[in-house]
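Step one of this worksheet: look at the structure below.
Quick caveat, the model's predicted, so the values are computed rather than measured. Here is the naming used below: chain letters follow the sequence lines, and residue numbers restart at 1 for every chain.
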2 protein chains.
Amino acid sequence: MSEILKAHINKFVTVNDEEFEAILSYFQFKRISKKDNLLEEGQICKSNLFVLHGVLRKFFINDKGTEQTTEFAIEQWWMSDTFSFINQSTTEFYIQTVENTELLYIDKVDYEKLLETHPVMEKHFRCIYQKAYAAAQMRIKFLYDYSREELYYHFLKAQPEFLQRVPQYLIASYLNFTPEYLSEIRKKGIS
Amino acid sequence: MSEILKAHINKFVTVNDEEFEAILSYFQFKRISKKDNLLEEGQICKSNLFVLHGVLRKFFINDKGTEQTTEFAIEQWWMSDTFSFINQSTTEFYIQTVENTELLYIDKVDYEKLLETHPVMEKHFRCIYQKAYAAAQMRIKFLYDYSREELYYHFLKAQPEFLQRVPQYLIASYLNFTPEYLSEIRKKGIS
DNA sequence: CGAAAATTTGACATGACTCAACTGGAGTGG
DNA sequence: CCACTCCAGTTGAGTCATGTCAAATTTTCG
């Protein structure tokens with residue numbers, strides 16, 4: 001179970017079993033069923049989530065009342081509203097399970113304690129955030145560069161694993177277009 | 001001059017004069033005039049730039065041959081193609097000066113040496129990238145949530161300092177619309 | 001099996017782009 | 001200091017990608 005976190009951490013830094021146990025003690029475990037909210041608009045994002053099994057999505061509700069998905073997370077991904085988490089300010093996002101999900105999470109205070117007591121985690125999170133930021137920059141580029149249709153094909157190619165696990169209307173939401181338009185694109189594609 | 005970097009670093013961590021001198025020794029100084037390129041498509045982003053005075057922008061050229069600005073940097077901001085920098089892969093971006101600019105920069109190898117020899121910098125960059133990632137997440141949200149017109153007004157409110165320093169057509173490019181359309185919005189706004 | 005949820009279809013609407021032409025101001029050179 | 005050029009910004013007409021809305025169809029799942 002927690003082996004997943006251990007493997008994840010050892011991608012960027014080296015921690016032995018003993019130190020890992022100490023690190024792990026800052027985390028808590030949770031099992032939640034499909035479509036449950038882990039975070040809701042107006043709350044403070046108290047914890048940083050690490051997915052062991054399952055799928056999460058982050059979304060907000062726009063002025064038309066539509067849910068806009070901005071992010072998915074599967075195994076070995078971190079999920080939080082980073083802005084709300086680091087500033088402990090209220091969030092505009094929801095975080096919800098797409099499937100039954102098992103995760104580890106760490107609260108803000110424990111996160112800070114962890115970083116103090118285990119400097120190796122400074123490096124770990126520096127690497128994680130550096131990589132996440134690089135990915136976000138690329139994503140912003142795609143949003144500038146691609147039409148909706150191109151975004152769809154790029155998504156298919158880059159993240160095929162989601163297609164099996166996430167319903168179409170959530171993919172449409174993630175790609176920032178209507179289910180109707182996605183439907184149209186798919187029809188065109190098949191021919 | 002380098003006081004600017006010192007002040008910046010001391011926002012997140014504490015380094016005394018002596019340690020700062022050691023840290024500074026990993027950086028190099030450069031002065032470049034308006035409209036010069038610091039990075040071009042196809043190159044590898046060898047260094048991470050820190051602006052002392054001036055303005056930088058990052059852009060790519062789309063298939064229609066238009067420059068698409070994705071990022072500005074002013075005093076005390078870092079600029080690089082993070083993806084290209086961390087993987088030392090070829091970039092699709094240009095980094096160009098908008099004004100005459102003075103900056104400090106650190107090459108990838110020196111960046112890694114710096115992190116090894118000065119663990120305090122792990123924390124510094126963890127904080128920097130964490131914040132940058134949070135900002136990128138918010139920016140992605142705005143790109144999902146706002147119409148072009150709303151993006152413009154949001155930009156006006158959030159980054160008024162750019163209006164004075166950056167020509168309109170670059171702002172249009174940054175907001176991902178045509179100069180003509182920006183013109184239309186401004187006309188509407190004045191009435 | 002039936003109800004609710006997801007997906008598709010089609011008619012119509014619109015935000016934003018394209019292209020071409022015009023205006024005005026900032027340099028530059030004679 | 002004028003004339004000329006060049007580039008940024010504006011205007012307007014026409015167009016297209018994508019959205020809206022309503023209804024039909026298919027799938028999911030209790």
Between B:D145 and A:Q68, is there a side-chain heavy-atom distance shorter than 4.5 Å? no
Could you go through the side chain to side chain donor-acceptor pair (under 3.5 Å) check for A:N16 and A:E19 one step at a time? CA-CA 5 Å; A:N16 59 33; A:E19 184 164 16; 5.2 Å; no
After noting the C-alpha distance and the side-chain angles of B:F27 and B:L5, does the key distance pass the side chain to side chain contact (heavy atoms under 4.5 Å, CB included) rule? CA-CA 10 Å; B:F27 286 82; B:L5 179 61; 4.1 Å; yes
Summarise protein proximity over nucleotides 25-30 of chain D in one line of letters, 5' to 3': B for base, S for sugar-phosphate only, - for none, counting protein heavy atoms closer than 4.0 Å. ------
Residue pairs involving residues 61-80 of chain A (criterion salt bridge (Lys or Arg N to Asp or Glu O under 4.0 Å); sequence neighbours excluded): A:R57-A:E67, A:K58-A:E71, A:E75-A:R165
Would you please test A:F125 and B:Q130 for side chain to side chain contact (heavy atoms under 4.5 Å, CB included) and show each step? CA-CA 8 Å; A:F125 281 110; B:Q130 187 174 283; 5.6 Å; no
May I ask you to say whether A:E99 pairs ionically with A:K34, meaning some side-chain N is under 4.0 Å from a carboxylate O? no
Answer yes or no: is there a side-chain heavy-atom contact under 4.5 Å between B:E21 and B:E18? no
At 10 degrees resolution, what angle do the end axes of the helix from C:dC1-D:dG30 to C:dG30-D:dC1 form when each is taken over five base pairs? 50°
In whole Å, I'd like the distance from the CD atom of A:E150 to the C1' atom of D:dC16. 15 Å
Between CD1 of B:I185 and C1' of D:dT11 the distance, given in whole Å, is 15 Å
Can you give one letter per nucleotide of nucleotides 4-20 of chain C, going 5' to 3': B for a protein heavy atom under 4.0 Å from the base, S for sugar-phosphate only, - for none? --SSBBS-----SSBBB
Test: A:K141 cationic atom under 6.0 Å from B:F60 six-membered ring centre, within 45° of axis: yes
ILVMFWY clustering at 4.5 Å (side-chain atoms), partners of A:F59: A:I61, A:Y94
Using links of under 4.5 Å between side-chain heavy atoms of ILVMFWY residues, direct or through other members, which residues join A:L56 in one cluster? A:I32, A:L38, A:L39, A:L49, A:V51, A:M79, A:I95, A:L103, A:Y105
